[in-house]
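Below: the structure, in structure tokens.
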Amino acid sequence: MTKDYLKNTTRYSPFDFEEKIYNYWIPYFKPSPNKRKTFIILIAPPNVTGSLHMGHTLQNIILDIIARWKRMSGFNVVWLPGTDHAGIATQNVVEKELKKEGLTRFDLGREKFIQRVWEWTHKYGGIILEQFKKLGLSLDWSRKKFTLDKKYVKWVEEAFIRYYRDGLVYRDLRPVNFCPRCQSSLSDLEVEAKEKEDVMYYIKYPLKDGGFISIATTRPETMLGDTALAVNPKDERWVELIGKIAILPIVKRELKIVSDLRVDPKFGTGILKVTPAHSLIDYEIALRHSLEMISVIDEKAKMNENAGEYKGLNYLEARSKIVENLRSQNLIEKEEKIVHSVPHCSRCGTELQVIPSYEWFVKMDKLAKLAYNAVKTKKVNIIPPRFKKPYFDWLKNIRDWCISRKIWWGQEIPVWFCKNCGEKSYVVSIKKPTKACKICKKKNWEKTKEVFDTWFSSALWPFAILYTKEEKKWYPADLVATARDILQLWIARMIFCGIYFMKKPPFKTVFVHPTVLTKEGKRMSKSLGTGIDPLDLIQKYGTDALRFGLMWQLSTHQDLRFDETPIDQGQKFLNKIWNAYRFYVLTKEKIGNQNKKELSKEDKRILKLLQKTKKTVFKNLNNFEIGLALKNLYKFFWREVCDKYLESWKGETKNNITVLEKIMLDSLKLLHPFLPHITQVIYFALGYKKPLFYEKLND
RNA sequence: GGGCGAGUAGCUCAACUGGUUAGAGCGUCGGCUUGACGUGCCGAAGGUUAGAGGUUCGAGUCCUCUCUCGCCCACCA
């Protein structure tokens, strides 16, 4: 990387330099201890088993540009890499791997399976971070974090215990979304609604006093668990039914007809069958009317002992048998095909069941208020501001958070159950309890097999990685960037956890960046084959060109329909930059001591434009208008510096060499956050020895 | 069902709080270039800014309605 190399090479080749330059930088990415002003960026930890996609790429390039720019503006930048153990997601990846060997996790058993996931994690868990390096990210590699690090795990246990002591965590038997394949409960946010065609059955329920009423349902099999019927008191058609008794067909149970505002008169016949065990809305109604909860479906989506003659049947088999039975009694009034949305597991796509299960919940009312107020009072800024609305809406209508999972991979909940008494007797404690069970007076404790929702653990990420002795208490952070679908899942939860445990919100600014879509405007997805691998692009164009191409397309308010041509444009720009500096070196040599003392018209013009460009670029970076900032620079450097100013150096010189030097050095610095590798290479070629991001940008 | 966003040159996008002939890049076409540039430079063509109505001296920009697309959220049994 000498001056001669620059002079003699007419084309910049990223592949000769990018990796070497990156390795050179690594030690300098550490925050320096002697600077006072810090700027702390919080990374969104990718899943350990993940591999780089466009979302990570866009998000982290944005952050890297900010990080480098902040460093060059005099800040001590803290940005730590890390990964998330990602409970269900990771477990599913390993299960798929097992499937290839013809095995399920049940064949291995819990312990061996967990061991297997650890092996997988050790073998492949570092890949995603290695891929992050290829993007040129200025992360502090001396401080890698993982959500199952010893210290991290401790934070999670302590948080749970603190919630428990404060009465914010409780255990309850209630219907939850349950995935029959993953064999676990899920939180509301892990449920994905999918459109599906089904049959709506109108079933006649006899009234005790004679006559029939009809009830619409797509799930006749759940009727075995009906414990009431409900109508809306405002529905004039049915008010007179309130208080009357109907007879549940097949089971012959008497059902009281209750009045509840949650019943939608426009749906079906306006009469709702209340099945508290298998419907969340019905459960709410049941609480209000003290109704019994009878579960008829088990966690494998099979009918249980309460289903009488249907016991053991899969719910779909049971459905058709029940419909058959009803038909034979002439109790089906009508059947119609409908399309409606049905909850599926967001991780494996299986249709979910709502079944009652003992789970741990976090009470959300107080915590939601904390998160709400932090944004309302602008202690946390969400940019662009329009994303505040979904954030507020979510917090306003929130239900308690189910934080236990019955999967195997994850952090165990610090709870001990009495082997003899089971559900009736448990102790919340990190260590095995020494006291005796209150019921059986024995000390026969066994740790629960349940693990935490992975988001319970990642909600603590900001202080678990930033607030430790060796990390110099870098809490709170200044900035976090996120895709918008993570706003509730992660951002909101970090905010209330941060305030609850640390008394301060975990960051000041949340930047919600655009989603990378395909050129057709569709979501990029591996399974649909519409994804583009950023690594392929790097191999084809180099990192700087990719960074240019992506940022060129970035605007704050519109999703990005990914187009490859700007990357090509980036490659040309790199070559233009390279040759501009060649010309600069050659010109300097040629001019020697024929320098002019005064400033020419061109000198003055370009200096003025430089100041103006700096101002707009900084303003745009401040507003996360990265695409605009890059365009400002592109135009300035190519159209003004190259096409006009450098051209004016050809022929008899009337310009001042010190101006040329300033323009070329300042341009290099300005370009560095966006195109870090090439600018560093040129910087070395010009004879400088430092990382370019150690230079001051705004003098 | 609710919310948000977008529909501007062939393609991907700009145009700050409404203000002169609506701008870039790529693509197309025509020239030029052996004192940096596998290229570069100069220039041209190309748009009733989705549609309809309204406010205004003036609207891509504000209001209303319609259409199309996308995303997020939602316990419609």
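So you know, we letter chains A, B, ... as the sequences are listed, proteins then strands, and number each from 1.
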Could you measure between the two C1' atoms, the one in A14(B) and the one in U39(B), and give it in whole Å?
27 Å

Go through the structure and list residues passing salt bridge (Lys or Arg N to Asp or Glu O under 4.0 Å) with E564(A), not counting sequence neighbours.
K540(A)

Could you name each residue pair satisfying salt bridge (charged side-chain N to carboxylate O under 4.0 Å, His left out) that touches residues 620-629 of chain A, not counting sequence neighbours?
none

Could you work out, with salt bridge (Lys or Arg N to Asp or Glu O under 4.0 Å) as the rule, every residue matching K369(A), not counting sequence neighbours?
none

So, for Y5(A) and F17(A), is the gap between ring centers shorter than 6.0 Å?
yes

Between C41(B) and U33(B), how far apart are the two P atoms, rounded to whole Å?
16 Å

So, Y12(A) versus N579(A): side-chain donor-acceptor pair below 3.5 Å or not?
no

Looking at side-chain heavy atoms only, is the closest gap between V512(A) and Y391(A) below 4.5 Å?
no

Whole angstrom value for the distance that separates P of U12(B) from CG of D559(A):
14 Å

Just N and O in the side chain of T587(A): are any of them under 4.0 Å from OP1 or OP2 of G35(B)?
no

Do the rings of H56(A) and H53(A) sit parallel, tilted or perpendicular, given the 30° and 60° boundaries?
parallel

Nearest of U12(B), A36(B), C76(B) to any side-chain atom of E647(A)?
A36(B)

Could one point to a donor on the side chain of K389(A) or the base of C4(B) with an acceptor on the other under 3.5 Å away?
no

With sequence neighbours excluded, tell me which residues meet salt bridge (Lys or Arg N to Asp or Glu O under 4.0 Å) with E18(A).
none

What orientation do F548(A) and W552(A) show, parallel under 30°, tilted 30 to 60°, or perpendicular over 60°?
parallel

When you get a sec, tell me which of G38(B), G40(B), C75(B) is the closest nucleotide to the side chain of W638(A)?
G40(B)

Set of side chain to side chain donor-acceptor pair (under 3.5 Å) partners for D172(A), sequence neighbours left out
R174(A)

Nucleotide nearest K576(A) when distance is taken to its side chain, options C13(B), G35(B), G40(B)
G40(B)

Answer with base, sugar-phosphate or nothing: what part of the nucleic acid does D264(A) contact at a heavy-atom distance below 4.0 Å?
base

Determine the Euclidean distance between corresponding P atoms of U21(B) and G25(B); express it in Å to zero decimal places.
22 Å

When rounded to whole Å, the CG to C1' distance for the pair N397(A) and G1(B) reads 14 Å

What interatomic distance, in whole Å, is found between C1' of C42(B) and the corresponding atom of A52(B)?
44 Å

S295(A): side chain to side chain donor-acceptor pair (under 3.5 Å) partners, not counting sequence neighbours
N304(A)

Can you confirm whether K363(A) is buried at NZ, in the sense that more than 12 heavy atoms of other residues, nucleotides or ligands lie under 6.0 Å from that atom?
no

Can you tabulate the close N/O pairs, meaning under 3.5 Å, that link protein atoms to atoms of nucleotides 15-18 of chain B?
none

Do I62(A) and M551(A) have side chains that get closer than 4.5 Å, going by heavy atoms?
yes

I'd like to know if R399(A) reaches the base of C75(B) with its side chain such that a donor and an acceptor end up less than 3.5 angstrom apart.
no

T222(A) and side-chain hydrogen bond (donor to acceptor under 3.5 Å, both in side chains): which single residue from K273(A), Q353(A), R319(A) fits?
K273(A)

Mind checking the C1' distance from A45(B) to C26(B)? Whole angstroms is fine.
16 Å

Whichever of N579(A) and K631(A) has its nearest RNA chain B nucleotide further upstream toward 5'
K631(A)

Base-paired stems in RNA chain B, each at least three Watson-Crick or G-U pairs under 3.5 Å
B:1-7 with B:67-73, B:10-13 with B:23-26, B:28-32 with B:40-44, B:50-54 with B:62-66

What nucleotide among C41(B), C37(B), A77(B) has an atom nearest to a side-chain atom of I281(A)?
A77(B)

No-hydrogen, no-angle side-chain donor-acceptor test under 3.5 Å, S600(A) and N655(A)
yes

A36(B) C1' sits how many Å from Y12(A) OH, rounded?
17 Å

Rounded distance in Å between the P positions of C11(B) and U55(B):
34 Å

Where the side chain of R386(A) is concerned, which of A77(B), C13(B), G5(B) is the nearest nucleotide?
G5(B)

So what does R262(A) hit on the nucleic acid, given a heavy-atom distance under 4.0 Å: a base, only sugar-phosphate, or nothing?
base

Scan S279(A) against the nucleic acid and name what it touches under 4.0 Å (heavy atoms): base, sugar-phosphate only, or nothing.
nothing

Protein N or O to nucleotides 25-29 of chain B N or O, pairs below 3.5 Å:
{"residue": "G25(B)", "atom": "OP1", "partner": "R639(A)", "partner atom": "NH1", "Å": "3.2"}
{"residue": "G25(B)", "atom": "O2'", "partner": "Q569(A)", "partner atom": "OE1", "Å": "2.5"}
{"residue": "G25(B)", "atom": "O2'", "partner": "Q569(A)", "partner atom": "NE2", "Å": "3.3"}

Which nucleotide sits closest to the side chain of F583(A): A36(B), C42(B), C13(B)?
A36(B)

Set of residues satisfying salt bridge (Lys or Arg N to Asp or Glu O under 4.0 Å) with respect to R386(A), sequence neighbours excluded:
none

Check the interface with nucleotides 19-23 of chain B: list each N/O to N/O pair with the protein under 3.5 Å, or write none.
none

Find the distance D260(A):CG to C76(B):C1' and express it as a whole number of Å.
14 Å

Measuring only the C1' atom in each nucleotide, how far is A9(B) from U28(B)? A whole number of Å is fine.
12 Å

Ignoring hydrogens and angles, are the base of A36(B) and the side chain of K650(A) linked by a donor-acceptor pair under 3.5 Å?
yes

When all nucleic acid strands are considered with a 4.0 Å heavy-atom cut-off, which category describes V585(A): base, sugar-phosphate, or nothing?
nothing

Can you name the side chain to side chain donor-acceptor pair (under 3.5 Å) partners of Y205(A), sequence neighbours left out?
D226(A)

Within this structure, what is the CH2-to-P distance between W394(A) and C71(B), rounded to whole angstrom?
22 Å

Which whole number of Å gives the distance between the C1' atom of U12(B) and that of C16(B)?
22 Å

Please state how far atom CZ in F637(A) lies from atom P in C37(B), giving the value in whole angstrom units.
15 Å

Residue D643(A), side-chain atoms from C-beta onward, closest of C37(B), C42(B), A77(B):
C42(B)

d(CG, L646(A); P, C41(B)) in whole Å
12 Å

Which nucleotide sits closest to the side chain of S555(A): A77(B), A14(B), C75(B)?
A14(B)

Whole-Å distance separating the CG atom of L352(A) from the P atom of A77(B)
14 Å

